[in-house]
Protein chains: 2
Amino acid sequence: MNLKKFIRDIPDFPKKGILFRDITPLLNNKKAFKYVIDTFAKTLKNKKIEYIVAAESRGFIFGGALSYKLGCGFIPVRKPGKLPYKTNRYTYDLEYGTDTLEIHQDAFTGQSKILILDDLLATGGTAQALIKLVESMSGKIVAVAFVIELTELGGRNKIENYPVISLIQY
Amino acid sequence: MNLKKFIRDIPDFPKKGILFRDITPLLNNKKAFKYVIDTFAKTLKNKKIEYIVAAESRGFIFGGALSYKLGCGFIPVRKPGKLPYKTNRYTYDLEYGTDTLEIHQDAFTGQSKILILDDLLATGGTAQALIKLVESMSGKIVAVAFVIELTELGGRNKIENYPVISLIQY
């Protein structure tokens, strides 16, 4: 299936000069959405994944569906103050300013086999933050998977120590 | 399955006097998460649902999984400025202040059969906002479903014109 047909280009969003790759037409199309989840599942089926870790908000959509399909647990990573129990946090640099993500301290036990999943690999900052959070708790990262990869931004180089999967490349 | 075993009570979150019902242990447990999705799917299987509409962020986890299971499209409803294309918006009152939610204008065509899904039915404000957004675009709401219902808050009364499903009641 040509998944690019279901990605809508939005110029100048969220700000001037950015070409935003909108995944809502893909989510909207039951066949395309199913194809994405089934393709991930096929690629990952022998990895014995115990948990999927994904960041809010778009990552939750794919993370929820793939957790169901693979029969594993789902672990949400959120912005500060959203998770109600004790958390570990990681702060990382953005183009302007910083961002912080949190994970529950009891989300998994050490050596658990974990898939990190997000909708988009751009500069790799969020993926790196997810990796740091998981490794700080001794999780074993089996793969890092994305629906879309913006290859020119070189995010893959930042996470080259891990198997990286992406379904659509620009 | 006794799903309440997988809900963690967090006193005084997000503020003093609130008893927060934490669903992360449920998401974390592959059997409990699967049971929730399968139970929704069983209840809704003859409804010919074409789209699930859910609000960020926790609603996305269940919405993604159930869309996959039912084989329907998924439509995200988000806070202002997050959806990149043309949106309709609805503003509603909170205890203090207001909140606004947006949906893409081209998310579905009139008369589409829609399930509204959220993790929690509390006062019903968010559910009402989702209903207003869907009906403003002539969607046909087949049911409104929740993982948890806080019955004392009476949210069900606000949406009594629709079939309401909840899996866990407090």
Side-chain angles (χ1 to χ4, degrees), chain A residues 8-14 18-34 36-38 41 49-52 54-76 78-79 81-87 103-104 106-108 112, chain B residues 8-14 18-34 36-38 41 49-52 54-76 78-79 81-87 103-104 106-108 112:
Chain A
R8 173 164 52 188
D9 289 351
I10 312 266
D12 298 320
F13 186 88
I18 306 274
L19 180 65
F20 187 84
R21 306 292 186 172
D22 177 18
I23 56 163
T24 63
L26 187 156
L27 299 171
N28 201 274
N29 185 286
K30 62 185 180 185
K31 287 185 188 166
F33 183 55
K34 182 172 162 46
V36 163
I37 300 305
D38 287 344
I49 290 161
E50 295 172 274
Y51 299 101
I52 292 176
E56 63 177 298
S57 289
R58 286 187 298 264
F60 283 10
I61 305 167
F62 297 101
L66 188 56
S67 295
Y68 177 81
K69 172 69 176 178
L70 290 176
C72 66
F74 178 77
I75 297 172
R78 302 205 61 180
K79 308 269 183 182
K82 296 287 186 178
L83 288 172
Y85 193 62
K86 291 175 220 157
T87 62
I103 190 169
H104 271 155
D106 68 343
F108 59 85
S112 293
Chain B
R8 172 163 53 188
D9 289 352
I10 313 266
D12 298 321
F13 185 89
I18 306 273
L19 180 65
F20 187 84
R21 307 291 187 173
D22 177 18
I23 56 162
T24 65
L26 188 155
L27 299 171
N28 201 274
N29 185 286
K30 61 186 180 184
K31 287 184 187 166
F33 183 56
K34 181 171 163 48
V36 163
I37 300 303
D38 287 345
I49 290 161
E50 295 171 273
Y51 299 101
I52 292 176
E56 64 177 297
S57 289
R58 287 187 296 266
F60 283 10
I61 305 167
F62 298 101
L66 189 56
S67 294
Y68 177 81
K69 173 69 175 177
L70 290 177
C72 66
F74 178 76
I75 296 171
R78 302 205 61 182
K79 308 270 183 184
K82 296 286 188 179
L83 289 172
Y85 193 63
K86 291 175 218 158
T87 62
I103 190 170
H104 271 156
D106 67 343
F108 59 85
S112 293

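These numbers come from the heavy atoms of this one structure, side chains and all, not from hydrogens, waters or symmetry mates. Sequence lines set the chain letters: A, B, ... in the order given, protein chains first and strands last, and positions in each chain run from 1.
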Closest approach of G64(A) and F33(B), non-hydrogen atoms and distance?
O-CE2, 3.5 Å
Mind checking whether I75(A) and L27(B) have side chains closer than 4.5 Å, heavy atoms only?
no
With I10(B) via side-chain contact (heavy atoms from CB on, under 4.5 Å) - residues at least two apart
P84(A), Y85(A), R8(B), F13(B), F20(B), D22(B)
Quick one: pull up CG in N29(A) and OH in Y51(B) and give me the separation to the nearest 0.5 Å.
8.0 Å
Give, for atom CZ of F62(A) and atom CD1 of I61(B), the distance between the pair rounded to the nearest 0.5 Å.
14.0 Å
Which heavy atom of A65(B) sits nearest to which heavy atom of Y68(A), and what is that distance?
CB-CB, 4.0 Å
In Å, rounded to the nearest 0.5 Å, how long is the span from CD of E50(B) to CG of N28(A)?
10.5 Å
With sequence neighbours left out, write down each residue that passes side-chain contact (heavy atoms from CB on, under 4.5 Å) with S57(B), or none if nothing qualifies.
E56(A), S57(A), F60(A), R78(A)
Which atoms of L83(B) come close to chain A, meaning under 4.5 Å heavy atom to heavy atom: side chain ones, backbone ones, both, or neither?
both
Is K82(B) in contact with chain A via its backbone, its side chain, both, or neither, using a 4.5 Å heavy-atom distance?
backbone
